[in-house]
Amino acid sequence: MDLAEYKGIYVIAEQFEGKLRDVSFELLGQARILADTIGDEVGAILIGKDVKPLAQELIAHGAHKVFVYDDPQLEHYNTTAYAKVICDFFHEEKPNVFLVGATNIGRDLGPRVANSLKTGLTADCTQLGVDDDKKTIVWTRPALGGNIMAEIICPDNRPQMGTVRPHVFKKPEADPSATGEVIEKKANLSDADFMTKFVELIKLGGEGVKIEDADVIVAGGRGMNGEESFKTGILKECADVLGGAVGASRAAVDAGWIDALHQVGQTGKTVGPKIYIACAISGAIQHLAGMTGSDCIIAINKDEDAPIFKVCDYGIVGDVFKVLPLLTEAIKKQKGIA
């Protein structure tokens with residue numbers, strides 16, 4: 001393999017029901033940083049049905065080129081068909097790097113593509129950099145239960161691949177005046193490329209704000225002592241007043257107090273809200289891995305030595321069952337809520 005032939009840092013853009021996922025924009029922002037360092041271009045691959053109009057959004061967020069595979073057969077995500085499209089693209093265009101969101105789709109698609117192309121894939125990266133040779137990507141991710149950070153490189157194979165969780169990086173500001181090239185490609189697919197068939201879309205999660213989309217998250221840990229605080233009690237009340245969502249540590253989820261859809265951390269979701277209120281959460285490194293990207297972290301814990309106080313912007317040492325209701329009432333008065 002002549003590594004010099006492989007050029008470009010490409011984001012595998014993800015869309016759902018005609019709307020691009022924010023992680024695609026977040027990855028484009030990082031792709032631009034990497035590309036500026038190694039003197040390369042940024043591209044995106046967009047797959048689906050009636051998705052060509054979305055290409056300009058990718059350009060506005062940093063893509064120089066957008067390769068569009070617009071095909072009715074690709075309306076719904078299909079592992080083998082999408083992987084075939086990506087692999088065909090690689091053989092035709094010879095990209096240097098693929099960046100993939102660590103979403104349900106990305107975690108399914110990335111390994112399939114990497115295996116087909118006989119290359120490596122670093123999962124759940126929290127940082128991206130460039131090696132001293134100015135061409136090899138350095139992928140940083142938690143290892144050994146989150147106790148160390150491992151730096152991984154793929155110097156001998158292409159493409160270099162990694163998945164990045166949503167909200168690990170900030171979404172760049174869009175530039176409506178940005179220009180780029182939109183290239184329409186044909187997906188060469190046969191019935192054999194569809195090993196599964198889409199039957200029905202069932203949406204789960206119920207009502208309310210999803211934690212990955214929330215500007216404010218009020219999260220509880222083991223010290224909340226039961227499910228009431230999460231579903232109808234002080235956490236839920238504070239989150240509702242702030243127009244936010246309820247989050248939880250793994251300990252709270254494992255105890256059955258709240259659904260895993262609300263879990264924040266290394267084995268849950270990575271979030272980056274404007275405000276993160278950590279209630280009775282000690283601050284284990286596995287939990288911190290999922291929320292340190294928050295703009296402002298407020299911690300409430302009766303243990304003054306809790307690790308959470310080392311990363312928070314504001315810390316309150318006290319009983320959360322006394323402190324949080326007072327905070328909620330103060331917010332209500334500020335907002336003029338009776």
Side-chain angles (χ1 to χ4, degrees), residues 2-15 18-48 50-71 74 82 85-103 105-106 109-110 113-114 117 119 121-122 125 127-131 133-139 154 158-164 166 168-187:
D2 182 1
L3 301 185
E5 294 182 5
Y6 297 86
K7 304 289 185 181
I9 299 176
Y10 281 80
V11 171
I12 299 178
E14 185 174 330
Q15 58 82 27
K19 183 177 180 181
L20 286 162
R21 301 279 199 185
D22 279 349
V23 69
S24 301
F25 303 132
E26 295 160 11
L27 292 180
L28 281 171
Q30 287 303 300
R32 287 301 295 263
I33 294 173
L34 296 174
D36 289 344
T37 303
I38 64 179
D40 214 337
E41 66 178 9
V42 175
I45 305 167
L46 182 58
I47 304 172
D50 299 328
V51 293
K52 185 180 177 182
L54 302 178
Q56 188 56 44
E57 289 186 60
L58 296 171
I59 292 172
H61 284 87
H64 298 118
K65 295 181 179 179
V66 180
F67 290 83
V68 180
Y69 292 85
D70 203 322
D71 191 312
L74 299 170
Y82 272 50
V85 169
I86 298 297
C87 291
D88 286 349
F89 172 85
F90 172 76
H91 293 303
E92 293 170 9
E93 302 296 333
K94 291 183 166 48
N96 182 27
V97 179
F98 277 149
L99 297 180
V100 189
T103 60
I105 287 177
L109 180 62
V113 172
L117 297 179
T119 190
L121 181 142
T122 306
C125 299
Q127 186 176 339
L128 305 177
V130 179
D131 203 4
D133 64 5
K134 298 299 182 183
K135 61 182 180 181
T136 304
I137 304 301
V138 179
W139 313 85
C154 182
R158 293 295 182 267
Q160 302 172 81
M161 291 186 65
T163 63
V164 179
V168 167
F169 300 115
K170 293 296 183 182
K171 176 181 174 181
E173 292 291 329
D175 179 5
S177 64
T179 58
E181 187 177 3
V182 179
I183 303 165
E184 295 186 63
K185 300 278 284 185
K186 178 177 174 57

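Note that the coordinates shown come from a computational prediction; the quantities given were computed from them, not determined experimentally. In this chain, numbering begins with 1 at the start of the sequence shown.
- Using a 4.5 Å cut-off on side-chain heavy atoms (C-beta onward), Glu14 and Thr103 make contact.
- Partners of Asp71 according to the side chain to side chain contact (heavy atoms under 4.5 Å, CB included) rule, which considers only residues two or more places apart in sequence or in another chain, are Gln73, Leu74, Ala187.
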Donor-acceptor pairs under 3.5 angstrom involving side-chain atoms of residues 53-62: please list them, not counting sequence neighbours.
unit_1, atom_1, unit_2, atom_2, d
Gln56, NE2, Ala178, O, 3.3
His61, ND1, Glu57, O, 2.8

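- Residue Tyr69 holds its OH atom at 6.0 Å from CZ of Phe89, rounded to the nearest 0.5 Å.
- Around CD of Glu92, the count of heavy atoms belonging to other residues, nucleotides or ligands within 6.0 Å exceeds 12.
- You'll find the side chain of Gln160 reaches within 4.5 Å of the side chain of Thr136, heavy atoms only.
- Applying the side chain to side chain contact (heavy atoms under 4.5 Å, CB included) test to Ile183 and every residue at least two apart in sequence or in another chain returns Lys65, Phe67, Glu181, Lys185.
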*Step by step, work out the side-chain contact (heavy atoms from CB on, under 4.5 Å) result for Ile9 and Ile38.*
CA-CA 10 Å; Ile9 299 176; Ile38 64 179; 3.8 Å; yes
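- Side chains of Leu121 and Phe98 form no contact here, defined as non-hydrogen atoms less than 4.5 Å apart.
- Under a 3.5 Å cut-off, the side chain of Asp2 and the backbone N or O of Ala4 do form a donor-acceptor pair.
- Looking at Thr122, its side chain never comes within 3.5 Å of a backbone N or O of Gly162 through a donor-acceptor pair.
- Here the side chains of Asn96 and Lys7 are not in contact, with every heavy-atom distance at 4.5 Å or above.
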*asked:* Using the rule given for side-chain contact (heavy atoms from CB on, under 4.5 Å), can you reason through Gln30 versus Val164, listing the C-alpha separation, both sets of side-chain angles and the distance that settles it, and then say yes or no?
replied: CA-CA 10 Å; Gln30 287 303 300; Val164 179; over 6 Å; no
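- Taking 4.0 Å as the cut-off between side-chain N and carboxylate O, Lys171 and Asp22 count as a salt-bridged pair.
- Considering CD1 of Ile33 and CZ of Phe169, their distance stands at 8.0 Å, rounded to 0.5 Å.
- Counting heavy atoms from C-beta outward, Lys52 and Leu46 have side chains that stay 4.5 Å or more apart.
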*Stepwise side-chain contact (heavy atoms from CB on, under 4.5 Å) test for Arg32 and His64*: CA-CA 10 Å; Arg32 287 301 295 263; His64 298 118; 3.7 Å; yes
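- Residues Cys87 and Leu117 have side chains in contact (heavy-atom distance under 4.5 Å, counting atoms from C-beta outward).
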*Verify side-chain contact (heavy atoms from CB on, under 4.5 Å) between Tyr10 and Val97, making sure each step is shown before the conclusion.*
CA-CA 6 Å; Tyr10 281 80; Val97 179; over 6 Å; no
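- Rounded to the nearest 0.5 Å, atoms CG (Leu99) and OG (Ser24) are 10.5 Å apart.
- For the atom pair Ile45 CD1 and Tyr82 OH, the distance stands at 12.5 Å (nearest 0.5 Å).
- Residues Val68 and Val51 form a side-chain contact, since some pair of their non-hydrogen atoms from C-beta on lies under 4.5 Å apart.
- The shortest distance between side-chain heavy atoms of Ile86 and Ile47 falls below 4.5 Å.
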